Amino acid sequence: MSKRKRYSPEYKHELVELVRRSNSSCRKIALEVGVGPALLTRWVREADAGGTKAFPGGGTPRDEELARLKRELTRVTKERDFLKRRGGVLREAVTERYAVIEYCRSDFPVGMMCRCLEVSTSGFYAWSGRKPGLRAQDNARLLVRIREMHEDSKGVLGAPRMHEDLGDEGESASLNRVARLMAANGLQGLPQRKKRRFGQKPGSRPVGVENLLERDFDAFEPETKWVTDITEIVTIEGKLFLCVVLDLYCKRVMGWSMHHRQDRHMVVRAVQMAVWQREGENEVILHSDRGGQFISGTYQKFLGGNALVCSMSAVGHCGDNAACEGFFGVLKRERVHRTHYRTRDEARADLFDYLERFHNPRMRRRVARRDREFQALIKPSVETG
């Protein structure tokens with residue numbers, strides 16, 4: 001790269017005077033002395049505008065050094081201000097740095113920002129004029145649907161369940177891709193809130209009732225293992241109690257009942273709803289804790305008359321009914337703890353919406369997807385039959 005030529009103010013004045021005295025054109029004189037024609041034309045224009053005060057550039061080494069230091073100070077100040085505001089992006093990808101440069105174009109020179117962020121100027125201009133690729137366009141389309149589903153769920157869907165629901169709609173995006181898009185756009189599910197629990201003195205199990213599940217919450221067929229429990233929902237009007245019956249095969253709520261009193265009749269209503277939805281007549285294990293509602297004679301008599309085998313947790317082992325406790329934890333984290341209920345009717349309506357319009361439809365789609373995968377595995381091969 002050739003060194004840039006520099007000219008003193010005295011040289012510029014004399015050359016401009018030569019142009020004024022001569023009958024030759026400015027272009028001809030410039031070519032004769034080895035100066036660019038456009039540069040000489042600018043000098044003449046500046047001399048006409050400024051007169052004797054034209055070309056104020058330093059004539060002494062001290063003035064030139066002072067001007068150089070001022071230019072250096074201006075450059076360093078701009079770089080400092082830019083890095084103070086946007087320097088953290090140096091740890092990000094090149095495209096992220098390009099985006100910052102595009103955002104700050106009106107405040108700082110592009111060349112300086114490219115130098116500070118260690119990217120090429122030509123690369124930035126190529127990026128800024130480039131249309132989004134097919135992958136970026138598909139990500140934008142997918143992100144729109146993710147936002148809609150996240151908003152419809154009231155912000156409770158995390159990446160795994162979002163990936164599930166997108167798969168039900170026919171999307172082929174991987175779990176990592178969904179998680180990456182959600183994280184980059186500030187979308188996340190609800191973290192589990194830890195809460196200290198204080199146990200109560202358990203009741204005694206009826207004669208002949210044992211823990212038949214033994215913490216084996218895997219069910220390979222529907223209507224073989226059910227779990228039930230009661231939880232309380234706090235409202236301004238007072239407490240509302242919810243009892244559910246959960247099928248361990250599909251994790252669907254088979255039966256539920258809500259009342260302001262947690263008595264045996266509420267539990268029987270929940271189990272009766274589950275019995276009405278049962279399709280087969282085979283015996284089902286129904287597991288619960290040792291609450292007074294479950295050891296009552298009314299409850300035990302109802303189970304015996306509907307082919308339900310009673311199973312109960314051991315003393316002081318809340319993990320024996322962890323499947324139902326886990327469901328209540330998700331319910332409260334995703335809906336109850338995020339809502340301030342004024343009346344029991346308001347809480348009842350919101351719980352019904354969660355159970356029948358959000359949770360159960362998702363569990364049905366999950367079972368349908370599992371059945372499709374199983375059918376694909378047992379389908380005869382075209383080659384081997």
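Nothing here was measured: the structure is a model prediction, and the numbers come from that model. For the numbers below, each heavy atom of this structure counts, side chains included, while hydrogens, waters and symmetry mates do not.
- Using cut-offs of 30° and 60° on the angle between ring planes, the pair Y354 and F327 is tilted.
- Side-chain contact check for H287 and S313: at least one donor-acceptor pair (N or O, by modelled atom type) lies under 3.5 Å.
- Counting only distance, with no hydrogens or angles, the side chain of N306 and the backbone of L308 share no donor-acceptor pair below 3.5 Å.
- Between the side chains of K332 and T231, a donor-acceptor pair is found at a separation under 3.5 Å.
- Of the inter-residue distances, the one linking L286 atom CG with E283 atom CD reads 12.5 Å to the nearest 0.5 angstrom.
- Side-chain atoms of L331 and F358, non-hydrogen and from C-beta on, never get closer than 4.5 Å to each other.
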Listed pairs under 3.5 Å, donor-acceptor, residues 102-118 side chains, sequence neighbours left out:
residue: E102; atom: OE1; partner: R105; partner atom: NH1; Å: 3.4
residue: R115; atom: NE; partner: E79; partner atom: OE2; Å: 3.3
residue: R115; atom: NH2; partner: E79; partner atom: OE2; Å: 2.6

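- The two residues R290 and I295 make their nearest non-hydrogen contact at O-CG2, 4.2 Å.
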- Query: Does the side chain to side chain contact (heavy atoms under 4.5 Å, CB included) test come out yes or no for F241 and E232, once each step is laid out?
  - Reply: CA-CA 4 Å; F241 296 95; E232 65 179 34; 3.6 Å; yes
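- Atom CG of L246 and atom CD of E325 lie 12.0 Å apart (nearest 0.5 Å).
- A salt bridge between K225 and D216 is present, with a side-chain N of the basic residue lying under 4.0 Å from a carboxylate O of the acidic one.
- The distance from the SG atom of C243 to the CE atom of M273 is 10.5 Å, given to the nearest 0.5 Å.
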- Item | Intermediate values then yes/no, side chain to side chain contact (heavy atoms under 4.5 Å, CB included), D229 and D289 | CA-CA 7 Å; D229 203 354; D289 58 19; 3.2 Å; yes
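- The backbone N or O of H150 lies less than 3.5 Å from a partner atom in the side chain of S153, making a donor-acceptor pair.
- The number of heavy-atom neighbours closer than 6.0 Å to CD of E151, taken from other residues, nucleotides and ligands shown, is 12 or below.
- A donor-acceptor distance shorter than 3.5 angstrom exists from the side chain of S311 to the backbone of L212, with no hydrogens or angles considered.
- With contacts defined as side-chain heavy-atom distances shorter than 4.5 Å, the pair F302/V267 does not qualify.
- Side-chain contact between L213 and L248: present, with at least one pair of heavy atoms (C-beta onward) separated by less than 4.5 Å.
- In this structure, C324 and V244 have side chains that are in contact, with non-hydrogen atoms separated by less than 4.5 Å.
- A salt bridge does not link E237 with R342: every distance from a Lys NZ or Arg NE/NH1/NH2 to an Asp or Glu carboxylate oxygen is 4.0 Å or more.
- For the pair Y299/Q293, no side-chain contact is recorded, criterion being any heavy-atom separation below 4.5 Å from C-beta on.
- Linking Ile, Leu, Val, Met, Phe, Trp and Tyr residues whenever their side-chain heavy atoms come within less than 4.5 Å places L18 and V44 in a single cluster.
- Shown here for R269 and S257, the closest heavy-atom pair between the two residues is NE-OG, 3.3 Å.
- No more than 12 heavy-atom neighbours from other residues, nucleotides or ligands sit within 6.0 angstrom of CZ on R27.
- A salt bridge links R365 with D165; the closest basic N to acidic carboxylate O contact falls under 4.0 Å.
- Counting heavy atoms from C-beta outward, R366 and C250 have side chains that stay 4.5 Å or more apart.
- Follow the hydrophobic side-chain contacts under 4.5 Å out from I236 and you never reach Y341; the two are in separate clusters.
- H340 places no side-chain N or O within donor-acceptor distance of the main-chain N or O of T235, the cut-off being under 3.5 Å.
- Ionic pairing of R278 and E223 is not present here: no N-O contact between side-chain nitrogen and carboxylate oxygen is shorter than 4.0 angstrom.
- Annotation: side chain of L31 is in contact with side chain of P37 (closest heavy-atom distance under 4.5 Å).
- Taking hydrophobic clusters as Ile, Leu, Val, Met, Phe, Trp and Tyr residues chained together by side-chain heavy-atom distances below 4.5 Å, L355 shares a cluster with L157.
- To the nearest 0.5 Å, atoms CG (D345) and CG (D350) are separated by 12.5 Å.
- Using a 4.0 Å cut-off between charged nitrogen and carboxylate oxygen, E171 and R145 do not count as a salt-bridge pair.
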- Message: Please evaluate residues D247 and V284 with respect to the criterion side chain to side chain contact (heavy atoms under 4.5 Å, CB included), reporting the C-alpha separation (whole Å), side-chain torsions for both, the decisive distance (0.1 Å), and the verdict.
- Response: CA-CA 10 Å; D247 191 333; V284 181; over 6 Å; no
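- Within a 6.0 Å radius of NZ in K78, no more than 12 heavy atoms belonging to other residues, nucleotides or ligands are found.
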- Trace of the side chain to side chain contact (heavy atoms under 4.5 Å, CB included) decision for W226 with Y249: CA-CA 8 Å; W226 290 354; Y249 172 75; over 6 Å; no
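- If you chain together hydrophobic residues whose side chains sit under 4.5 Å apart, V330 and F352 fall into the same group.
- Taking the ring centre of F294 as origin, the terminal cationic atom of R264 falls outside the region bounded by 6.0 Å and 45° from the ring axis.
- For the residue pair L242 and F328, the shortest heavy atom distance occurs at O-CZ, 4.1 Å.
- Looking at D353 and R348, no side-chain N of the basic residue comes within less than 4.0 Å of a carboxylate O on the acidic one, giving no salt bridge.
- For the pair F217 and A323, the tightest heavy-atom approach, listed with the atom from each and the gap, is CD2-CB, 3.9 Å.
- Linking ILVMFWY side-chain heavy atoms closer than 4.5 Å, directly or via other members, places L175 and I146 in two distinct hydrophobic clusters.
- Checked by atom type and distance alone, the side chain of R344 pairs as donor or acceptor with a backbone atom of K239 at under 3.5 Å.
- Note that CG of N321 is 7.0 Å distant from OG of S288, once rounded to the nearest 0.5 Å.
- A salt bridge between E46 and K12 is absent, with no side-chain N of the basic residue lying under 4.0 Å from a carboxylate O of the acidic one.
- Heavy-atom neighbours of E169 CD from other residues, nucleotides or ligands within 6.0 Å: above the threshold of 12.
- Using a distance-only test at 3.5 Å, with no hydrogens or angles considered, a donor-acceptor pair links the side chain of N360 to the main chain of V253.
- Applying the 6.0 Å contact sphere to CD of E148 captures more than 12 heavy atoms from other residues, nucleotides or ligands.
- Across every non-hydrogen atom of R333 and R338, the tightest pair is O-CD, 3.5 Å.
- Put simply, CD1 on I101 and CD on E96 are 12.0 Å apart, with the number rounded to the nearest 0.5 Å.
- At a threshold of 4.0 Å, the pair E17-R20 counts as salt-bridged, since one of the basic side-chain nitrogens sits closer than that to a carboxylate oxygen.
- Looking at L15 and V35, their side chains come closer than 4.5 Å, going by heavy atoms from C-beta outward.
- Annotation: side chain to side chain donor-acceptor pair (under 3.5 Å) contacts involving residues 176-189, sequence neighbours excluded, comprise D138-R177, N139-R177, R147-N185.
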